[in-house]
Amino acid sequence: MSAVPRATDFAPLPRRFFARGAVAVARDLMGRVLVHQTRAGLCAGIIVEAEAYDESDPASHCYNGPTARNRTMYGPPGHLYVYRSYGVHWCCNVVTGGAGVGAAVLLRAVEPIAGLPIMQRRRFDGADGPLRDLARGPGRLCAAMGITRDHDGVDTTEPPLWIGRTPGRFSRPTLRTTPRIGISKAVSRPWRFCVAGSPFVSGPKRLR
DNA sequence: CATACGATTGACT
DNA sequence: GTCAATCGTATGA
C-alpha cells in the first residue's frame with residue numbers, strides 16, 4: 001500500500017460474501033475494511049468488532065417481523081441498515097443472507113487507517129481526541145465515518161460507501177468470541193466477534 | 001393518544 | 001461506579 005491510501009487500495013467484497021448466515025459474515029468481517037469516499041475525502045478503518053443478529057433472535061430488530069424501521073434488513077445482502085440509537089446516535093449494520101431474510105451484522109468498531117483528520121473533525125469538532133476512541137463503539141463508528149440515516153439501504157459492494165479487502169495479503173486476525181453488548185434478551189448468545197487484544201475494540205476490557 | 005424503552009455515549013461521583 | 005440526554009419505534013388504551 002502506498003503511504004497515502006487510495007480508494008482503489010480496497011477492492012469491494014462481492015455480494016456473495018454477505019449472502020450467508022449473519023454469524024459467519026460477522027466472523028469473516030474481522031480485518032476487512034470499511035471505506036467511505038465523500039467530498040471531505042477518503043476515510044477507512046479496519047473492522048475489529050461486530051455482532052450478528054438474525055430473525056430467530058429475540059435481541060434482533062427483526063424478531064417480530066418486518067416494520068418500517070427494519071425493512072432494509074429484509075432486502076438484498078450487502079446493503080447497509082442504519083438505525084437511530086437512544087434518540088442520539090446512528091448505528092450501522094450490513095445486511096446478510098438472502099433477500100427476504102431479516103438478518104444483519106452490527107459494525108461496532110474500526111481501527112482508523114485513512115482520513116484520520118476528517119474523522120477527528122467529525123467526532124471531536126476539530127479538537128484533538130484519543131485516536132483509540134475515534135471509532136470505538138457503534139455510535140462513534142458512524143460519527144467518525146460520516147454514516148447517517150441517509151445511508152440506510154445503500155449498497156456496500158461499491159463506492160462511495162463500501163466494505164473492501166485489506167491491501168496486500170490478508171491474514172486472518174486472531175478472533176475473540178463473546179456475548180453481545182448492550183442487549184437485554186438472548187444475552188448469552190456468543191454472537192459478538194472482535195480482534196483479540198485490539199485497543200480499538202469497544203466494551204469492557206474483559207471482553208476484548 | 002400515552003407511554004415505555006432502547007444493538008449508546010459522555011459527563012460526573 | 002452512576003446517570004441524563006433525546007427521539008423514533010413499539011405497544012397498549
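Note on naming: letters A, B, ... go to the chains in the order of the sequence lines (proteins, then strands), and numbering restarts at 1 for each one. Every heavy atom of this structure was used, including side-chain atoms; hydrogens, water molecules and symmetry mates were not.
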Within-4.5 Å side-chain heavy-atom neighbours: [X] and [Y]:
{"X": "A/H36", "Y": "A/H151", "result": "yes"}
{"X": "A/W191", "Y": "A/D54", "result": "yes"}
{"X": "A/P179", "Y": "A/S188", "result": "no"}

Review point. Does the gap between the ring centers of A/H61 and A/Y83 come in under 6.0 Å?
Key: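 Yes, close enough.
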[N] and [M]: how far apart are their [atom1] atoms, nearest whole angstrom?
{"N": "B/dC5", "M": "C/dC3", "atom1": "C1'", "result": "16 Å"}
{"N": "C/dT6", "M": "B/dA2", "atom1": "P", "result": "22 Å"}
{"N": "C/dG1", "M": "B/dA7", "atom1": "C1'", "result": "23 Å"}

Point to revise | Contact under 4.0 Å: A/N64 side-chain N or O vs C/dT9 OP1/OP2 | key: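 False: A/N64 side-chain N/O out of range (4.0 Å or more) of C/dT9 OP1/OP2.
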Review point. Measuring from A/T157:OG1 to A/R15:CZ, what's the distance to the nearest 0.5 Å?
Key: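 Going from the OG1 atom of A/T157 to the CZ atom of A/R15 covers 4.0 Å.
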Point to revise | Value rounded to 0.5 Å, distance of OG in A/S198 from CZ in A/R176 | key: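 Between A/S198 OG and A/R176 CZ, I get 13.0 Å after rounding to 0.5 Å.
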Review point. On the ring face of A/F170, is A/R32 found with NZ or CZ under 6.0 Å from the centre and within 45° of the axis?
Key: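 Here A/R32 passes the 6.0 Å and 45° test against A/F170.
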Exercise for review: Decide whether a cation-pi geometry holds between A/R149 and A/W90; the criteria are a distance under 6.0 Å from NZ or CZ to the six-membered ring centre and an angle within 45° of the ring axis.
Suggested key: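 Verdict for A/W90: no cation-pi partner in A/R149.
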Check your understanding: What string of B, S and - do you get for nucleotides 5-11 of chain B 5' to 3' if you count protein non-hydrogen atoms under 4.0 Å?
Key -> -BBBSS-
Practice item. Under 4.0 Å between any heavy atoms, over every strand shown, what does A/R149 touch: base, sugar-phosphate, or nothing? Just pick one. Key: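 A/R149: backbone/sugar contact only, no base atoms under 4.0 Å.
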**Study point:** Secondary structure of DNA chain C in dot-bracket form (Watson-Crick or G-U wobble, distances below 3.5 Å, | marking inter-strand pairs)
**Key:** |||||.||||||.
